[in-house]
Amino acid sequence: MAGDWTVARYIKRTAEAQRVQRERENNMAKFSFIRWLRLSLVISFSCLLLAGCGVNPSAGKTLRVATEPAFPPFEFQGKGGELQGFSIDLMNAIASSANFKVDFQSLPFDGIIPALQGKTVDAAISSITITEERAKTISFSRPYFKAGLAIAIRADNQNITGFDSLKNKKIAVQIGTTGAAKAKSIPGVQIRSFDSAPLALQELLNGNVDAVINDAPVTLYAINTGNLQGIKIVQQLLTEEFYGIATAKNSPNLALINNGLDRVLKNGAYSQIYRKWFKAEPPSLPVQSPFEKQTSAGAPKILTSIGVILQAFPTLLQGALVTLQLTILSVVFGLIGGSLIGIVRLSHIAPVRWVARAYVDFFRGTPLLVQIFMIYFGLPAILQELGFTFSFDRLVAGVIALSLNSAAYIAEVVRAGIQSIETGQAEAAQSLGLSSIQTMSYVIFPQAFRRMIPPLGNEFISLLKDTSLVSVIGFEELVRKGQLIVADNYRAFEIYVGVAVVYLCLTLLSSQAFSRLEVWMNPVKRRTK
C-alpha cells in the first residue's frame with residue numbers, strides 16, 4: 001500500500017511540473033508575440049509617417065470655380081460647348097501646379113459674389129476686377145491680368161472722341177462691372193445695363209446707344225475676330241485695373257491658389273498662355289492684391305438686414321410701377337389679340353384655323369426669353385442687314401413680346417370658354433334672327449367671359465412675374481432694380497427678399513381684384529351678396 005501511494009505521489013508531482021512548464025512556455029510565447037506586434041506597429045507607423053511627409057495634402061482636392069462664359073477671350077464656350085479662354089487655361093495651369101482639380105460652374109456675373117459669400121462655390125475666375133468695395137466682402141488672389149476700360153462707338157460716329165464727350169449720351173454697360181461704375185460719373189448720362197458684354201455691344205451695333213464702356217481686351221478681341229463689324233475703339237485704358245481670382249473671406253483655398261499662381265508665373269506657363277491669346281508679351285504684375293489688408297464688412301445682423309431692405313424699398317417700388325405698367329399694357333393687348341385668335345381657332349375655314357393654331361403652338365412652344373431676344377435684338381439686326389434703319393424702344397419691344405406671348409395662352413382660354421357654352425343658345429339666337437357676329441357679341445361671349453375670369457386671372461399673375469425677363473434687354477423693372485442695388489452693395493439675400501415681398505404683395509392684390517371681379521360678373525352671387 002505504501003509503495004502504491006509513493007508511485008501515485010510521484011506521478012502527481014510529475015504532472016504538476018509538466019503543467020507549470022507548459023504555462024511558462026505559453027507565457028513566453030505570448031510575451032514574444034506581444035513584443036513582435038508592438039515592433040510591427042512601430043515600424044508600420046514610422047513608414048506611414050515617412051510616406052505621408054512626401055504627399056501633398058491638397059492632392060485629389062476639387063475646387064468648385066465659378067465663371068460666366070460670356071466674356072471672350074477670357075471666358076467663353078467653344079463650338080463644341082467646352083469652356084475656353086485665357087482665364088480657363090490659366091485656372092487649369094494653376095490647378096496642375098498646385099495639385100488640385102477644378103470643377104467649373106457657370107454663373108451670371110452679378111451672382112458670382114453672392115455665391116462666394118454663401119460658399120456655394122469655392123472660388124471664381126471671371127475677369128473680376130479687384131476693387132476696394134469688393135475686397136470688403138470677398139478675398140482676392142494676387143493679380144493675374146492687367147486691364148483697363150475702353151470706349152467703343154459705331155464706326156460712323158464722329159462726335160465722340162473721348163471720355164469727356166460722353167456727356168448726356170446713352171451708354172451701354174455690363175451690370176455689376178467697373179465699366180458700369182465708371183459710367184455713373186458721366187454728367188447727364190443714360191445708362192442701359194445688360195447681363196453680358198456681348199449684349200451691350202449688340203445694343204451699340206443696333207444703334208440704340210451711343211457708346212459702350214467695357215474692358216478693353218474684350219472689345220478689341222470682338223473687333224479683331226470680325227464678330228462685330230462697324231465698331232471701333234475711341235479711347236483705351238480709361239483706368240488701370242487688375243483681375244484677381246476671388247474666394248470667400250478667410251478661405252483656406254486662397255493660399256492654395258496663390259501658391260499655384262506663383263509657380264505658373266515663375267515657370268513660364270503664364271507667358272505661354274498670354275501669348276496664345278493676345279499675341280504679345282505679358283506685362284509685369286504686382287505680387288499681392290492692392291486691397292489685401294481690406295477688412296471684412298462683417299456678418300450681416302438682423303437689424304442691419306432690415307435696414308438694407310427698408311433703404312432699398314423706394315427704388316424697388318419704382319421698379320414695381322414699371323412692372324405694373326408692362327403687365328397691364330401687355331394683358332390689354334394680349335386680351336384683344338388672344339380673343340381674336342381664339343375665335344379664329346373655331347373658324348370653319350381650315351387654312352385660317354391652321355394659321356391660328358401655328359401661332360399658338362409657336363408662342364407656347366418657345367421660351368419667352370428667346371422671344372424677347374428675337375424681337376429686341378434680332379429684328380433690328382436683320383432689318384439693318386437689309387438696308388433699313390430700324391431700332392426698338394425698350395418699352396415697345398417688351399410690351400410686344402409679352403403681348404404676343406400672352407395672346408397665345410389667352411387664345412386657348414377664350415376658345416375653351418366659348419366651347420363651354422351650350423350650342424342650344426347659339427341656335428336660339430339664330431332662330432331670333434341674330435347674325436353670327438351678333439350671337440357671339442351679345443349671347444355667347446358675355447357668358448363665356450364670366451367663365452374665363454379665373455384662368456385670365458392666373459394668366460395676369462403669371463405675366464406679372466414674367467415681366468422680370470424683360471430685364472435682359474436693360475429695362476429697369478422690379479428685378480433689374482434689385483440687380484442694380486446688389487451690384488452696388490453685394491447684399492443679395494436682403495435685396496431679393498425685398499423683391500420677393502413686393503412681388504407677393506402685387507400678386508395678392510391682383511388675386512383679390514380678380515376674385516371681386518368674378519363675383520361682380522356673376523349675377524347669382526351678386527344678388528346673394
Side-chain angles (χ1 to χ4, degrees), residues 323-365 368 371 396 398-467 506-529:
T323 295
L324 282 175
Q325 180 186 15
L326 273 172
T327 306
I328 293 172
L329 289 174
S330 301
V331 164
V332 170
F333 290 117
L335 185 60
I336 296 172
S339 299
L340 295 175
I341 296 170
I343 294 172
V344 171
R345 287 271 282 120
L346 300 173
S347 173
H348 297 292
I349 304 174
V352 175
R353 190 171 63 249
W354 293 340
V355 171
R357 176 64 182 271
Y359 174 90
V360 171
D361 288 343
F362 175 80
F363 281 96
R364 290 203 309 173
L368 176 57
Q371 297 165 18
V396 174
V399 169
I400 290 176
L402 293 171
S403 299
L404 292 176
N405 182 272
S406 177
Y409 290 91
I410 292 176
E412 291 298 282
V413 173
V414 170
R415 179 186 63 81
I418 293 174
Q419 288 181 328
S420 69
I421 303 301
E422 296 78 3
T423 56
Q425 298 203 34
E427 295 171 353
Q430 292 174 0
S431 68
L432 294 174
L434 297 179
S435 65
S436 298
I437 296 178
Q438 289 174 329
T439 301
M440 180 62 68
S441 301
Y442 300 119
V443 179
I444 303 298
F445 198 81
Q447 297 181 73
F449 186 74
R450 288 200 299 268
R451 301 182 182 183
M452 297 176 200
I453 291 176
L456 287 177
N458 292 336
E459 175 61 23
F460 181 88
I461 292 174
S462 297
L463 191 63
L464 179 68
K465 294 181 289 186
D466 287 342
T467 55
L506 293 177
T507 55
L508 290 176
L509 291 174
S510 302
S511 178
Q512 288 296 318
F514 275 94
S515 297
R516 291 183 177 274
L517 178 62
E518 185 179 0
V519 173
W520 183 78
M521 290 287 293
N522 192 324
V524 177
K525 292 184 178 179
R526 186 171 54 188
R527 192 180 304 116
T528 302
K529 184 177 180 180

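The side-chain hydrogen bond (donor to acceptor under 3.5 Å, both in side chains) pairs that include a residue from residues 406-418 are Arg345-Glu412, Ser406-Glu459, Glu412-Arg415, Arg415-Gln419, where partners are two or more places apart or lie in different chains.
Between the side chain of Ser441 and the backbone N or O of Gln438 there is no donor-acceptor pair closer than 3.5 Å. Gln425 contributes no side-chain N or O that, together with a main-chain N or O of Glu422, makes up a donor-acceptor pair within less than 3.5 Å.
Atom CZ of Phe449 has 12 or fewer neighbouring heavy atoms from other residues, nucleotides or ligands inside a 6.0 Å radius. Crowding of Ile437 atom CD1: a count of heavy atoms from other residues, nucleotides or ligands under 6.0 Å not exceeding 12. For Arg357, the CZ atom sits in a loose shell: 12 or fewer heavy atoms of surrounding residues, nucleotides or ligands are nearer than 6.0 Å.
Atom CG of Leu324 and atom CG of Leu464 lie 6.5 Å apart (nearest 0.5 Å). Note: Leu335 CG to Met452 CE = 8.5 Å, rounded to the nearest 0.5 Å. Here Thr467 contributes atom OG1 and Leu329 contributes atom CG; the two are 12.0 Å apart, rounded to the nearest 0.5 Å. Taken from CZ in Arg450 to CG in Leu517, the straight-line distance is 11.5 Å, to the nearest 0.5 Å. In this structure, Ile400 CD1 and Asn405 CG are separated by 13.5 Å, a value rounded to the nearest 0.5 Å. Put simply, CG on Asn458 and OG on Ser510 are 11.5 Å apart, with the number rounded to the nearest 0.5 Å.
Between Ile341 and Ala411, the shortest heavy-atom contact is CG2-CB, 3.7 Å. The minimum heavy-atom distance linking Val443 with Ala429 is given by the pair CG2-CB, 4.0 Å. When all heavy atoms of Gly338 and Ile410 are compared, the closest pair comes out as CA-CG2, 4.1 Å. Listed here is the closest heavy atom pair of Ser330 and Leu463: CB-CD2, 3.6 Å. Here the closest non-hydrogen pair linking Phe445 and Ser339 is CZ-OG, 4.1 Å. The two residues Pro454 and Glu518 come nearest to each other via the heavy atoms CG-OE2, 3.6 Å.
Leu368 has its side chain within reach of Leu402: a pair of non-hydrogen atoms, C-beta onward, lies under 4.5 Å apart. Residues Ile461 and Leu506 have side chains not in contact (no heavy-atom distance under 4.5 Å, counting atoms from C-beta outward). Side chains of Tyr359 and Leu404 form a contact here, defined as non-hydrogen atoms less than 4.5 Å apart. Contact of the Leu508 side chain with the Gln512 side chain is not registered, since no non-hydrogen atoms from C-beta on lie closer than 4.5 Å.
Partners of Ser420 under the side-chain hydrogen bond (donor to acceptor under 3.5 Å, both in side chains) rule, at least two apart in sequence or in another chain, are Arg451. Partners of Arg364 by side-chain hydrogen bond (donor to acceptor under 3.5 Å, both in side chains), not counting sequence neighbours: none found.
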